[in-house]
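Here is the structure we will look at.
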Amino acid sequence: MSVDYKSTVYLPKTDFPMKAGLSSKEPELLKHWGKLDLYNRQREQSNGKDKFVLHDGPPYANGNLHIGHALNKILKDVITRCQQMLGKDANYVPGWDCHGLPIEWKIEEKYRKMGADKDAVPPVQFRRECREFAEHWIDVQRDEFKRLGIIGDWDNPYTTMTYEAEAQIVAELGKFLLNGSLYRGAKPVFWSVVEKTALAEAEVEYHDHTSNTIFVSFQIQEATTNDIVKGASIIIWTTTPWTIPGNRGIAYSARDEYVRLRVTALGENSLLRIGEEIIIAKSLIDKVTAECAITEYQILLEFVGGELEGTICSHPFNGQGYEFEVPLLAGDFVDMETGSGFVHIAPGHGFDDWELGIKHGLSVPETVLGDGLFAEHVPLFGGNHVFKADVLVIEKLKEAGCLLAAGKIQHSYPHSWRSKAPLIFRNTPQWFISMEINHLREKALNAIEETAFFPSSGKRRLAGMIETRPDWCVSRQRAWGVPITVFVDKETGEVLRDATVMERIVDAIRKEGADAWFASDPSRFLGDKFRAENYEQVMDILDVWFDSGSTHSFVLENRDDLDWPASLYLEGSDQHRGWFHSSLLESCGTRGRAPFDAVLTHGFVMAEDGQKMSKSLGNITAPQEVVEQNGADILRLWVVGSDYSEDMRIGPEIVKYHTDIYRRLRNTLRYILGNLHGFGDAERLEIAEMPELERWVLHRITELDGMLRQACNNFEFHSLFNELHSFCTVDLSAFYFDIRKDSLYCDRVDAIKRRAVRTILDELFKCLTAWLAPFICFTAEEAWLTRFPGEDESVHLRLFPDIPENWRNNALAEKWQNIRNLRRVVTGALEVERAEKRIGSSLQAHPIVYTSKTYIDEMADLDCAEIVITSDVTMIDDPAPLKAFVLEDIDDVSVVSEIAKGNKCARCYKILPEVGTILGYEMACGRCADAVARYLAPSE
RNA sequence: GGGCCUGUAGCUCAGCUUGGUUAGAGCGCACGCCUGAUAAGCGUGAGGUCGGUAGUUCGAGUCUACCCAGGCCCA
């Protein structure tokens with residue numbers, strides 16, 4: 001009777017499904033981790049170990065996550081998990097940024113919709129609604145982050161709006177106050193005279209607007225460096241005539257060409273005089289002469305702007321209360337497109353003006369009040385409204401003989417988003433942290449030198465900004481934020497610097513939140529020493545960047561489970577100007593060093609064509625959709641497989657690519673699991689007893705382990721990811737597994753070779769599940785639990801396996817590289833046979849390999865047929881016949897493929913002469929007959 | 001306009017530091033095999049003017065300049 005050989009073959013068996021079903025499986029695993037309390041178990045387990053603190057840059061709590069959030073948090077998670085598995089205590093505490101304008105807007109919007117005036121709402125109520133709004137979005141984002149598999153202290157995250165945080169932020173500001181770095185200065189801001197309020201940049205809309213334009217001459221008073229300009233006047237052009245009373249300087253372009261020209265003929269209505277000499281930019285001669293009706297002129301001199309250094313003009317209203325010097329200053333914002341090549345500088349009426357003015361010590365006059373009226377102290381114009389001042393200014397200029405031309409221009413101009421009224425730049429009192437008083441700039445630059453940057457270009461980028469930035473303006477005229485808790489002496493304007501007062505404020509805020517500042521009587525803070533009626537209480541709030549720049553103090557320093565400074569800050573490259581920047585300044589100002597040892601930046605996420613994602617282009621990839629349709633592990637694989645030091649791309653094709661990669665990794669795990677069915681310690685084999693091929697696998701494990709540890713140290717995973725994938729595909733699936741399938745399926749259970757293979761599979765399983773755990777955290781867990789089920793089990797409680805050094809065997813690696821080359825020639829030869837329809841399966845072949853003695857000696861102890869998966873192989877040290885198959889790049893191997901002789905073993909499919917000769921097993925080969933005779937069913 | 005960065009097969013990445021055979025890998029694609037990993041597995045093959053132009057050099061993906069395209073941050 002015929003034997004049912006099929007039932008005696010040891011086929012893979014596992015509950016680990018081929019189809020992942022991640023969208024339903026992942027939530028189950030999240031539940032498992034919740035029950036297990038994985039985060040706290042990790043903490044217990046790594047208690048006392050070296051800490052790795054990745055300090056979370058807080059996202060803003062005002063909407064659902066986008067793909068950039070997903071990239072950022074997954075990257076942080078991968079790094080945290082890797083450090084944890086390297087044996088550190090990698091405790092990740094997520095946080096949220098809660099104060100600021102966008103949330104304030106949402107609440108304002110709500111009131112507007114109800115037809116209520118937001119200004120009528122008591123500040124404390126308004127602030128409470130902002131707080132509730134932030135709380136809502138923290139909950140939403142927390143769930144979305146958790147769904148991505150991010151592990152961290154989600155039950156105790158930090159936020160910038162807890163009372164504790166607000167108190168600490170105030171305490172940090174107090175340090176700048178007490179050491180003299182914080183001062184009151186002035187800065188122009190967008191101002192609406194209709195609403196009598198400052199507007200943030202984001203509240204400004206640009207619309208077309210018709211402005212008056214004027215060309216004005218400024219008489220040269222003295223020229224210190226040379227006399228090429230003496231006796232002439234500088235011509236400026238402006239679209240805001242009303243700013244002339246605020247003029248304190250003139251900017252030129254140091255590298256552009258200027259001319260001195262003499263007017264020789266004039267048009268009818270020209271306001272100039274024949275013989276007048278003026279200085280303008282060379283490239284703008286035509287425009288200026290046309291506008292000013294200069295019909296003929298003579299160029300007297302040409303020179304570069306730089307030569308104007310040191311020139312002093314007088315103000316057009318000199319003699320009428322404007323008796324001050326108007327210096328010429330080089331400004332890189334001066335353009336040669338419009339005007340005269342000179343920009344009049346009114347430090348209270350423009351950002352460029354202000355910055356240039358501060359740099360050169362110009363005064364910043366307060367000319368216009370909040371309601372749009374010129375201050376009484378402004379000569380000629382006091383009490384006039386700014387919107388009506390243009391005409392007046394033009395008239396007075398004409399009287400002074402300084403007006404060369406007046407016109408109109410239609411251009412894009414800032415307007416209020418609420419009232420739609422045109423805005424002005426108005427000088428306002430603001431609070432600043434000095435970059436110089438306590439050497440903050442120098443300290444910050446030194447700190448940058450001490451910091452490791454990934455990629456290294458980040459160092460230059462950040463240093464460049466610190467080198468040139470002006471003092472830090474930390475005040476905002478807003479409601480939703482941490483107050484600038486400062487008192488100013490009404491008489492002297494002196495800032496009150498008193499440690500005890502500051503302590504009282506901090507204590508109150510710690511107990512009652514920042515509202516305490518707005519709701520308390522000032523005497524509560526001032527105590528007996530200072531009288532409340534003598535002091536003005538500042539009602540500005542802090543720049544939110546000061547909040548987030550202080551997180552290192554109220555998170556890293558104040559929490560026992562963390563350490564200061566952080567091991568790593570990791571954010572998008574925009575944070576060079578944002579969080580890295582503000583954290584660095586805050587920490588250098590208060591602690592003299594950076595709050596981080598290293599800074600890692602990642603790029604931005606683009607659509608598949610490399611363009612920015614936008615609703616209008618319809619090329620947005622939402623993380624929630626990928627998670628729902630493909631699974632979080634796919635998104636995580638995308639992060640790990642991409643080079644995030646540059647901009648990355650995502651879209652349907654890229655998601656599909658990573659799904660394919662995922663499938664291969666999953667099937668590799670599945671095959672290992674299937675073939676480890678019933679494996680136990682008794683079956684394990686010592687390395688010394690293993691065949692070479694198994695020892696080669698162990699060597700490959702040492703190589704990958706080395707790459708893994710290097711990748712963790714450099715926070716660079718995409719190369720490792722490629723190596724891991726290629727290991728699973730090329731080394732395992734196409735080579736090792738393919739070869740060992742025969743032994744696994746057909747050898748006796750107690751065969752040495754089969755035991756060796758299963759021991760290797762066990763090692764591979766332990767390594768791959770650990771190595772993949774930080775990347776595809778769900779699937780690695782699923783695989784682990786399939787083999788080691790239990791409510792207390794988790795792959796994430798493991799460390800990366802320690803790989804014994806004696807697994808490394810470079811000589812063996814080199815030898816097997818040669819063997820694989822030989823194998824390539826054989827498979828190539830078989831492919832020809834297949835095309836000619838002489839064989840189908842490779843087991844039908846018996847290749848004759850013509851090769852060198854070196855090869856033959858090298859393979860003397862090996863079963864070549866087994867390695868190339870044929871039924872037999874003959875190796876000959878002879879010259880190859882002409883018809884033999886060769887590969888171009890392998891010169892000492894030629895193959896002639898013959899057909900294997902014998903009958904097919906019904907069990908192992910090999911074609912061998914012995915098949916049919918074994919009594920009782922006429923359909924089987926010797927090995928299989930023996931295996932069947934001693935068949936042991938796989939244990940259940 | 002300025003600072004920092006990027007551009008290599010349809011896709012994800014190597015190679016560039018230190019110039020030197022015919023620019024590599026995986027995925028995808030095409031074709032074939034297997035039917036005992038089966039919505040799997042194996043093999044073979046086709047795909048690249050290395051963003052463009054000039055230059056340095058005996059020789060440039062690699063070095064230099066300019067240009068084009070894209071990104072982040074400023075103006």
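In this text, all values refer to a predicted model and were calculated from it rather than measured experimentally.
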| said: Can you tell me the base-pairing partner of G59(B)? Count Watson-Crick or G-U wobble geometry only, both distances below 3.5 Å, and say none if there is no partner. | reply: none
| query | Would you call Asp863(A) and Lys753(A) a salt bridge, using N to O less than 4.0 angstrom? | reply | no
| remark: Applying the 3.5 Å cut-off to both distances, the Watson-Crick or G-U partner of U64(B) turns out to be A54(B)
| message | Counting only Watson-Crick pairs (N1-N3 plus N6-O4 or O6-N4) and G-U wobbles (N1-O2, O6-N3), all under 3.5 Å, who is the partner of G41(B)? | response | C33(B)
| task | Identify the 5'-most and 3'-most nucleotides of RNA chain B with at least one atom closer than 4.0 Å to a non-hydrogen atom of chain A. | result | G3(B) to A75(B)
| task | Pick the P atom in G15(B) and in U62(B), then give their distance to the nearest Å. | result | 15 Å
| If the P atom of G52(B) is compared with that of A23(B), how far apart are they to the nearest Å? | 16 Å
| request: Check the pair Glu866(A) / Arg740(A) against side chain to side chain contact (heavy atoms under 4.5 Å, CB included), numbers first and verdict last. | output: CA-CA 8 Å; Glu866(A) 174 181 69; Arg740(A) 287 310 189 211; 3.2 Å; yes
| said: I want to check something: taking the side chain as every heavy atom from C-beta on, are Ser733(A) and Cys728(A) in contact at a cut-off of under 4.5 Å? | reply: no
| remark: Answer for the Watson-Crick or wobble partner of U12(B), both distances under 3.5 Å, is A25(B)
| request: Tell me which residues in residues 727-734 of chain A put a heavy atom below 4.0 Å from RNA chain B, sorted by number, or none. | output: Thr729(A), Val730(A), Ser733(A), Ala734(A)
| query | Taking the same atom, C1', in U18(B) and in C74(B), what whole-Å distance lies between them? | reply | 36 Å
| Is there a donor-acceptor contact under 3.5 Å linking the side chains of Ser719(A) and Asn722(A)? | no
| field | Electrostatic pair Lys25(A):Asp633(A) at N-O distance under 4.0 angstrom | value | no
| note | Nearest-nucleotide check on RNA chain B, Glu653(A) vs Tyr671(A); residue mapping nearer the 5' end is Glu653(A)
| query | What orientation do Phe580(A) and Tyr569(A) show, parallel under 30°, tilted 30 to 60°, or perpendicular over 60°? | reply | tilted
| request: Could you give the distance separating A40(B) and C29(B) at their P atoms, to the nearest angstrom? | output: 11 Å
| Which residue lies toward the 5' end of RNA chain B, His718(A) or Gln844(A), if each is placed at its nearest nucleotide? | His718(A)
| request: Can you tell me, in whole Å, how much space there is between the P of U8(B) and that of G51(B)? | output: 6 Å
| task | Indicate whether the side chain of Tyr909(A) and that of Ser871(A) have a donor and an acceptor atom separated by less than 3.5 Å. | result | no
| query | Between Thr8(A) and Arg907(A), do the side chains contain an N or O donor and an N or O acceptor separated by less than 3.5 Å? | reply | yes
| Whole-angstrom distance between G59(B) and U12(B), as gauged at atom C1' | 32 Å
